[in-house]
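Here's the structure, in structure tokens; my notes come after.
One-based numbering, in listed order, for ligands and for the atoms of each.
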Amino acid sequence: MLVLGIETTCDETAAAVVKDGEEILSNVVSSQIEMHRPFGGVVPELACRRHVDILLPVIQEALEKAGVSLKEINLIAVAKGPGLVGPLMVGINGAKTLSFCLGLPFVGVNHVEAHLYAALMGQQERVLFPALGVILSGGHTSLIKMEAVGSYQVIGQTVDDAIGEAFDKVAKILGLSYPGGPEIEKLAKQGKSDAFSFSAGKVKGRPLDFSFSGLKTAVLYAVKGPRAHMDSPVVVGEEQKADVAASFQEAAFQDVIKKVREAAKQQGCRSLLFGGGVTNSRRLREMMETELPIFWPGEGLSLDNAAMIAGLGYHVFQKTKISDPLDLEAVSEYIRL
Ligand code: KG4
Ligand code: ZN
């Protein structure tokens, strides 16, 4: 079964063709980062307009790269949320239009679930279940016990900022550009990770939940002085900025790794599946040592992409065997797994 995937939840316009949920024939991502960079974050209205302009060319490119025509596609899968509602609507309406005109079924899939599915794609080894799914993205930080594709139990999540969001905000404090994660990783290489004793927050009575907002405030005070706010001037030099970046990155990842280990042990998980943009970090991959087999997303599957949407869409359709209705709506908020 050939599935055309479409992804427009935020600032990437993406389309992909995937065979039988597994074999990626093409995976095209057009990033809007340069357009949003001067604003220090994604501007939803600009994102919508860019999605409208380039969705069809991106789909066309995905078909050409896969060497298939629209007539050969059997199913359309689209990210229905969570994400920015305007950008989501562009992708969803594109999928509905193609579905209607071509007489093809379409399914809306959960973007967060797709990030987890990305770690399963193209792996040589078989994933052993139950697995612990670890979502580390700009919008989510979750620990999920997974019995199979489609069977999930959330056992930990952030109570405030998502980890990627914390990286983006800390980058802003340090005067680095958007998106912050890769910038912090680069700067951290020149710094000492034990220079500042930062630590992520604990959530009372919920040892597997995350809290990054206190860590972000600790960075703010270290860089701009006690009781400073976001617009206050930076009071440290370049060397100290690198130390802050390294110490923050280490503290955030140590917290994740500790909780991942605890959760896997507590839930009797037999492998670890990582998903989301933050898993692009080389440093995280170096630090994450465990005895369990670890599955990281392959090349091009960490950050937002449509191959993971097409791959998961295949399984959703195998289960339901029915197309979603043409009045399917975008869901901007969290979707229950
Ligand atoms: O999964 P993603 O592409 O979008 C969401 O669904 O949110 O993740 C984007 C997030 C951003 O917050 C970005 O700063 C973070 O992933 N990120 C990183 C790295 N590369 C991307 N965070 C830490 N280290 C990195 N190397
Ligand atoms: Zn994402």
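- Summarising the geometry of Gly275 relative to Pro297, their closest heavy-atom pair is CA-CG, 4.1 Å, with the distance given to 0.1 Å.
- Residue contact annotation: Pro182 has a non-hydrogen atom under 4.0 Å from ligand 1.
- Using bins of under 30°, 30° to 60° and over 60° for the plane-to-plane angle, the ring pair Phe210/Phe212 lands in the parallel bin.
- Distance check for His111 against the Zn ion (ligand 2): an N/O/S atom falls below 2.8 Å.
- In this structure, the protein non-hydrogen atom closest to atom 23 (C) of ligand 1 is Gly181 CA, 3.5 Å.
- Within ligand 1, counting atoms from 1 as listed, the ones closer than 4.0 Å to a heavy atom of His115 are 1 (O), 6 (O).
- The backbone N or O of Thr9 lies less than 3.5 Å from a partner atom in the side chain of Glu7, making a donor-acceptor pair.
- When the N, O or S atoms of Asp304 are ranked by distance to the Zn ion (ligand 2), OD1 comes first.
- Salt bridge status for Arg37 with Glu34: present, with a side-chain N to carboxylate O gap under 4.0 Å.
- Counting the atoms of ligand 1 from 1 in the order shown, those under 4.0 Å from a heavy atom of Asp168 are 11 (C), 12 (O), 13 (C), 14 (O).
- Heavy-atom contacts of Gly138 reach the following atoms of ligand 1: 5 (C), 7 (O), 8 (O), 9 (C), 10 (C), 12 (O) (cutoff under 4.0 Å).
- Heavy-atom contacts from other residues, nucleotides or ligands closer than 6.0 Å to CD of Glu329 number 12 or fewer.
- Each of the following atoms of ligand 1 lies closer than 4.0 Å to a heavy atom of Gly139: 7 (O).
- The aromatic ring centroids of Tyr178 and Phe39 lie 6.0 Å or more from each other.
- For His111, the closest heavy-atom approach to ligand 1 falls below 4.0 Å.
- Minimum heavy-atom separation, Val149 to Lys319: O-NZ, 4.0 Å.
- Listed by number with element, the atoms of ligand 1 under 4.0 Å from a non-hydrogen atom of Gly164 are 12 (O).
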